[in-house]
Every structure is written in structure tokens, then in C-alpha cells.
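To start, the structure under review is shown below, and the notes come after it.
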Amino acid sequence: MPILNKDMTLCISLSARPSNNGTRFHNHLYGQLDLNWIYKAFAPTNLEQAIAGVRGLGIRGCAVSMPYKEDVIALVDEMDPSAKAIDSVNTIVNTDGHLKAYNTDYTAIEQLLATNSVPTDYSVLVQGAGGMAKATVAALRDAGFTDVTVIARNEAAGRALAEQYGFSWRAALDGGAADMIVNVTPIGMAGGADADALSFPAEAIDAAKVVFDVVALPAETPLIRAARAAGKPVITGAEVATIQALEQFVLYTGVRPTADQVRAAEEFTRAQ
């Protein structure tokens, strides 16, 4: 990484509980590509002021994590179709003070469903109804899945999300099972109140054919560990994080790293 200087381009991330994953991934790629850029994570105390800072300070890119993916919509100038279609933002690109919002979570989930060859006739349980859940449910619908149930205690949010994509909703798992279970809640996230909790009970894990946890930190969440122990194929939040971060990097810089460069950045990130 070059010494800090006045010509350096800054990108940031905003999260209630920031990690070093994005920081390490982006900065490692900047180093490999000899770019005079730097990336820094923040936990904003005031989201409106933070986005005003992105605009006013000429910060080139801003990643947006839970719980701000929907709240930032009112603060940007333009919504790319990737964000507008699901009313959820995880990326903001600043071009001369014009803030355009994108969603690369959707892209990551879409790619992982395809590369893992998850059959579209699988039944699916999606637990959660926030911004990441929107990206997940939209990707499932667009991939051709038809038997999807959204599980969310918030009836208004859960029912609205499910009905928007032609799926069903219920408030609790209540002993339910499916071919694929997907956690899009903060349960199992490092640093949270439920960091050690299972987002799905053992019975649902045992019944599943694929277990998907979008939580990226830690890479091995309680759900993923339990699924591996049960011999289940898994899709991890760490994989989601790598793909969505790569697409953010391309949006910010206009440069697409090689597969080897991405692999090196991913290994560097996971070695922390």
C-alpha cells in the first residue's frame, strides 16, 4: 500500500458491526494492481451525515451493510436496476458528487446458486426479511425456484417480501423443513448477541440437502459448522462476501482483477 498522500482515492464501508474482511480484500487488490487507493471500514453514528460525507469529501465508493441497506435509499441520487428492483442497496458509487446505488449481493447469490448447481425444484426456507433477504429471495425467484417460504417474525415485512415474489410467509419455523435452508438474519454473526446461536434447529439441518448462511463473519458460523458435521453441502457467507466485494471493486475502479489476483486477496482476507 502506498504512503498516504493527497491524491489517494478513498473507499469506505458502513456497517453496524464492521469487520476487516472488506478492508483486507480491497486493500490487497489495490496493492496487487499498484493503485493509489485505500479502503477503510466505519460504524456510523449518524447515517445521513455519513452519506453526506461520502458526497462532500469525494469518497469514491461506499459499501453498505446491515442494517443500512434500505435506509440509504433516500440519501442517494440514482438507483441502478440491481438495487431498484429489490429496494436494497449494498454499494454506492460517487461520481463528481452524484451518488448511484447498486446491489452486488444479488449478483453473488445468483452466481453461487448456479455454480453449486442447486436444483430449482428444491423447496427453500429463507429466514429473515431485511435487505439481504430481499436480494436472496429475488435471486431465488429469478433462478427459477418456485417453492420458497419466507420466515420472519415481522409479519408486515415478511409477508410483503414473500408476496412480492409470489412466495409464502410464516412467522416461525414451527418444525418446518426444506431441501435448502437459508439464513439471512444476524444470528451467528460474530460480535452479536446471538453469535453462538443456531439460526435453524438440528432437525431442519438434518432434513436439508443444502445449507446456506449469508453471514460472512465468522466464515464458519454455528450453522455452517453444524451443517458440515451433518455432512451437508454448504454455501457460506464468506463466498457471498468475496463475490459481492469483487463486483464492488470493479464498480469503484473500473478494473476487473484476474482470478489469481482475486484468489490471493481472498486467501489474505481469510488468513486474518
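What you see below is based on every heavy atom in this structure, not just the backbone, and it leaves out hydrogens, waters and symmetry mates. Computed from a prediction, not measured in an experiment: that's the story for all the values here.
Contact annotation: the side chain of Met180 approaches that of Leu140 to within less than 4.5 Å [non-hydrogen atoms, C-beta and beyond]. In this structure, the side chains of Tyr252 and Leu35 stay at 4.5 Å or more apart for every pair of heavy atoms. Taking the side chain as every heavy atom from C-beta outward, Ile109 and Met132 approach each other to under 4.5 Å. Taking 4.5 Å as the limit, some side-chain heavy atom of Val118 sits within range of a side-chain heavy atom of Ile235. At least one side-chain heavy atom of Val182 sits less than 4.5 Å from a side-chain heavy atom of Thr136.
Between the side chains of Thr236 and Glu239, at least one donor N or O sits under 3.5 Å from an acceptor N or O. Donor-acceptor pairing under 3.5 Å is lacking for the side chains of Thr253 and Arg60. Thr104 and Asn90 form a side-chain donor-acceptor contact under 3.5 Å, judged by distance and modelled atom types alone. Checked by atom type, the side-chain pair Thr258/Asp260 shows no donor-acceptor distance below 3.5 Å. Inspection of the Asn36 and Asp7 side chains reveals no N or O donor paired with an N or O acceptor under 3.5 Å. A donor atom on one side chain and an acceptor atom on the other are found under 3.5 Å apart for Thr221 and Asp213.
A pairwise comparison of heavy atoms in Leu125 and Phe200 identifies O-CZ, 4.1 Å as the closest pair. Of all the heavy atoms in Ser168 and Ala162, the pair that sits closest is O-CB, 3.3 Å.
Ring planes of Tyr39 and His26: parallel class, angle under 30° (limits at 30 and 60°).
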- Message: Using the rule given for side-chain hydrogen bond (donor to acceptor under 3.5 Å, both in side chains), can you reason through Glu70 versus Ser88, listing the C-alpha separation, both sets of side-chain angles and the distance that settles it, and then say yes or no?
- Response: CA-CA 5 Å; Glu70 295 162 316; Ser88 178; 6.0 Å; no
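In this structure, Asp121 places its CG atom where more than 12 heavy-atom neighbours from other residues, nucleotides or ligands lie under 6.0 Å away. Other residues, nucleotides and ligands place no more than 12 heavy atoms under 6.0 Å from the NZ atom of Lys84. Counting non-hydrogen atoms of other residues, nucleotides and ligands closer than 6.0 Å to CD of Glu78 gives a total above 12. Other residues, nucleotides and ligands place more than 12 heavy atoms under 6.0 Å from the CZ atom of Arg270.
Salt bridge annotation for Glu267-Arg263: absent, with no cationic side-chain nitrogen under 4.0 angstrom from a carboxylate oxygen. Ion pairing between Asp105 and Lys69 holds under the 4.0 Å rule for side-chain N and carboxylate O. Under a 4.0 Å N-O distance rule, the pair Asp77/Arg55 qualifies as a salt bridge.
Note: Lys40 NZ to Leu10 CG = 9.5 Å, rounded to the nearest 0.5 Å. With values rounded to the nearest 0.5 angstrom, Ser82 atom OG is found 6.0 Å from Asn103 atom CG. Going from atom CG of Asp80 over to atom OG1 of Thr91 covers 9.5 Å, rounded to the nearest 0.5 Å.
With hydrophobic clusters built from ILVMFWY side chains whose heavy atoms lie under 4.5 angstrom apart, Tyr30 shares a cluster with Val93.
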